[in-house]
Amino acid sequence: MAIRHMSSGDIYRIEGPAKVVVKRGQIYATGVVYREGQSFTVLRARRLVVKALDHSEVELVLGPGALLERITPGEEVIDQWESQISSLDPRGIVLIIGVMDVGKSTAAALIGNKALARGYRVAIVDADVGQNDLGPPTTISLTRLNSYVTHLRQLTAEKSIFLQSTSLERIWRRAVEQIDRAVRYAVEKWGVDTVVVNTDGWILDDEAVEYKRRLIETLKPSILLAIQVERELERILEGHKAIVLPPPPHVRAKSREDRKVHREMGYGRYIFPPVELAISLEKTPFCNLPLLSGVEISDSVRRMLAKTLGLYISRAYQAGDRVYAVVNGDVLQIKKVGGFQVVCVPADFERGLLVGLEDWEGFLVGLGVLRKIYYDKKKVIVATSSDVEKRLGEVKCIRVGIVRLDDSFMEVERVTQLLKLET
Ligand SMILES: Nc1ncnc2c1ncn2[C@@H]1O[C@H](COP(=O)(O)OP(=O)(O)OP(=O)(O)O)[C@@H](O)[C@H]1O
Ligand SMILES: [Mg+2]
């Protein structure tokens, strides 16, 4: 334990794990002025920049690897962020955009704190499906902010919506719809005054630009906060009024591998303690796949179809002008036979697919991983958490995702062909 004196105007960078207790004076951190007797923490492997607003005395508890360094004003963006943000009234929807590692989550915590300090009721919607701070990877997660935080990670999702993947490429339309639903839920059901929406760092390609622009047009945020390194957000921001902030200069950038490991720990953490359940697909069908939902076709038609396709077909179901055929093979493909579209589903395609077990409102009860579909028994084996087992009665349907995991929850691949199958 160490007591540190800080002069008014001093700026420090703290690397966690650390706890800071203000003994005397005032310390500004993440939008909050902490006074005598108040404290805040800096999480492990995270950095935070703080400023003494007065001659102050702080007690520092530094954990292993923690660091405190005084920096020269101007070296950090804390003053610049504060001057651009302090005059804003954070009521309504605040949308935060920027590439990876520019401080989006930090800015979300900061705005949330500031809104809370004004006496507003605040919700945070984290729509970063890759590095979600509130809930599991592949989700939009939301919660109310009831006390100040230094990192969004300190919060736990009250509700999550399963978005099937760790990247919104190809599935961003549903993301726009669901983020909008999450925001409306916070406003209408929780009655909040402020909703801070954090987003993913997918920015650069054309589809990402289209996604982010559609999101802005749909949410119509009262404040659009853009953290920009160079000019990468220009195409997204064109025609919109935005507060453009510079990124902090010394962020701890995560490598691709870091991000993957972080997510994998996330799956493991949320599918814990693990249990394997046999779920009846008649009672709890797939939300987004029509498998087993049509009429099973007769043996003779099935054999004819198999001959035409040159594939062994174990089962086939007809739904409208589509036939879903479970085949021996390893590529999910769609073939035209007569007036029908035949969707060839490899017998083992489901193994390892991440799924979301959804309730009647479309919120996540819990994540799971598909093990095997037994077409004859109309059952599916799902590895999930014991919490989901207890709440199985709340599950309306199983939404199949496109991330494939191995038995230790390591990401193996993204199965985008699966999207062709969706209804
Ligand atoms: N002012 C700052 N100075 C130094 N480091 C900072 C500052 N603000 C945030 N950081 C650190 O930089 C890292 C990235 O910040 P943050 O998580 O807010 O960014 P992000 O844009 O949300 O990243 P991601 O793309 O991973 O979601 C974190 O480790 C955070 O602790
Ligand atoms: Mg983030």
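Bear in mind that the values here come from a model prediction, so they are computed numbers and not experimental data.
Judged by distance alone, with hydrogens and angles left aside, the side-chain atoms of H151 form a donor-acceptor pair with the main-chain N or O of L43 at under 3.5 Å. Under a 3.5 Å cut-off, the side chain of E232 and the backbone N or O of L204 do not form any donor-acceptor pair. Here the side chain of R263 pairs no donor or acceptor atom with the backbone of T138 at under 3.5 angstrom. Without hydrogens or angle criteria, Y28 side chain to G31 main chain gives a donor-acceptor distance under 3.5 Å. For the pair T284 (side chain) and L281 (backbone), a donor-acceptor distance under 3.5 Å is absent. Remark: side-chain polar atoms of D126 are not paired, donor with acceptor, to backbone N or O of S141 under 3.5 angstrom. A donor-acceptor pair under 3.5 Å is absent between the side-chain atoms of S7 and the main chain of H55, judged by distance alone. Side-chain atoms of D54 do not come within 3.5 Å of backbone N or O of Q26 as any donor-acceptor pair. Between the side chain of K220 and the backbone N or O of E217 there is at least one donor-acceptor pair closer than 3.5 Å. Within the 3.5 Å criterion, the main-chain N or O of D359 finds no donor-acceptor partner in the side chain of E394.
Between I171 and S167, the shortest heavy-atom distance links the atoms CD1-O, 3.6 Å. Counting all heavy atoms, side chain and backbone alike, L224 lies closest to K241 at CB-O, 3.7 Å. Minimum interatomic distance between G368 and V382 (heavy atoms only, all atoms of both residues): CA-CG1, 4.0 Å. Nearest heavy atoms, L152 versus A108: CD1-CB, 3.9 Å. Minimum heavy-atom separation, L225 to A107: CD2-CB, 4.3 Å. Closest approach of A278 and I381 over heavy atoms only: CB-CD1, 3.7 Å.
One finds the CD1 atom of I96 at 11.5 Å from the CG atom of D128 (value rounded to the nearest 0.5 Å). Put simply, CD on Q417 and CD1 on I402 are 9.5 Å apart, with the number rounded to the nearest 0.5 Å. Atom NZ of K212 is separated from atom OG1 of T199 by 4.5 Å, given to the nearest 0.5 angstrom. Rounded to the nearest 0.5 angstrom, T166 OG1 and L354 CG are separated by 9.5 Å. Here the straight-line distance linking atom CD1 of I161 with atom CD1 of I179 works out to 9.0 Å at 0.5 Å rounding. Separation of atoms CG (L364) and CZ (F162) is listed at 7.5 Å; rounding is to 0.5 Å.
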Any chance you could lay out the side chain to side chain contact (heavy atoms under 4.5 Å, CB included) test for V50 and V20, step after step, and finish with the verdict? CA-CA 10 Å; V50 308; V20 181; over 6 Å; no
Pair R213-E238, side chain to side chain contact (heavy atoms under 4.5 Å, CB included): steps then yes or no: CA-CA 9 Å; R213 287 189 65 86; E238 206 185 309; 3.8 Å; yes
Assess whether salt bridge (Lys or Arg N to Asp or Glu O under 4.0 Å) is satisfied between E210 and R173, documenting all intermediate values. CA-CA 10 Å; E210 203 184 339; R173 285 186 175 80; 3.7 Å; yes
Carefully, step by step, assess F40 and I27 under the rule side chain to side chain contact (heavy atoms under 4.5 Å, CB included). CA-CA 10 Å; F40 57 90; I27 304 291; 4.2 Å; yes
Does Y317 form a side chain to side chain contact (heavy atoms under 4.5 Å, CB included) with Y375? I'd like the steps, not just the answer. CA-CA 11 Å; Y317 305 84; Y375 291 94; 3.9 Å; yes
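Looking at M6, E69, K51, E76 one by one, the single match for side chain to side chain contact (heavy atoms under 4.5 Å, CB included) with Y12 turns out to be M6. Screening R170, Q164, E169, R404 for a side chain to side chain contact (heavy atoms under 4.5 Å, CB included) involving R414 leaves a single residue, E169.
Side-chain atoms of V261 and D258, non-hydrogen and from C-beta on, never get closer than 4.5 Å to each other. Between V403 and P137, the closest side-chain pair of non-hydrogen atoms is not below 4.5 Å. Taking 4.5 Å as the limit, every side-chain heavy atom of V192 sits out of range of all side-chain heavy atoms of V122. A heavy-atom distance below 4.5 Å is not found between the side chains of L215 and W172. In this structure the side chain of I373 reaches within 4.5 angstrom of the side chain of F349, judged on heavy atoms. R174 places a side-chain heavy atom less than 4.5 Å from the side chain of L163. Under the 4.5 Å side-chain criterion, counting only non-hydrogen atoms from C-beta, L405 is not in contact with V412. The side-chain heavy atoms of R47 and H250, taken from C-beta on, include a pair separated by under 4.5 Å.
Atom CD of E413 has more than 12 neighbouring heavy atoms from other residues, nucleotides or ligands inside a 6.0 Å radius. Counting heavy-atom neighbours within 6.0 Å of R118 CZ, excluding the residue itself, gives a total above 12. Within a 6.0 Å radius of CG in D330, other residues, nucleotides and ligands contribute 12 heavy atoms or fewer. Other residues, nucleotides and ligands place no more than 12 heavy atoms under 6.0 Å from the NZ atom of K19. Crowding of R44 atom CZ: a count of heavy atoms from other residues, nucleotides or ligands under 6.0 Å not exceeding 12. The number of heavy-atom neighbours closer than 6.0 Å to NZ of K372, taken from other residues, nucleotides and ligands shown, is above 12.
Ring geometry for Y185 against W190 counts as perpendicular: the plane angle is over 60°, on a 0 to 90° scale with 30° as the lower cut.
Between D407 and R371, at least one side-chain nitrogen of the basic residue sits less than 4.0 Å from a carboxylate oxygen of the acidic one, meeting the salt-bridge criterion. Ion pairing between E158 and R144 holds under the 4.0 Å rule for side-chain N and carboxylate O. Checked for salt-bridge contact, D376 and R315 miss the test: no charged N lies under 4.0 Å from a carboxylate O. A salt bridge does not link E57 with K23: every distance from a Lys NZ or Arg NE/NH1/NH2 to an Asp or Glu carboxylate oxygen is 4.0 Å or more. Taking 4.0 Å as the cut-off between side-chain N and carboxylate O, E82 and K114 count as a salt-bridged pair. By the 4.0 Å N-to-carboxylate-O rule, R399 lies too far from E422 to be salt-bridged with it. Salt bridge D101/R259: present, at least one basic N to carboxylate O contact under 4.0 Å.
No hydrogens or angles considered: nothing links the side chains of Q38 and Y148 as a donor-acceptor pair under 3.5 Å. Between the side chains of S105 and D133, at least one donor-acceptor pair of N or O atoms lies under 3.5 Å.
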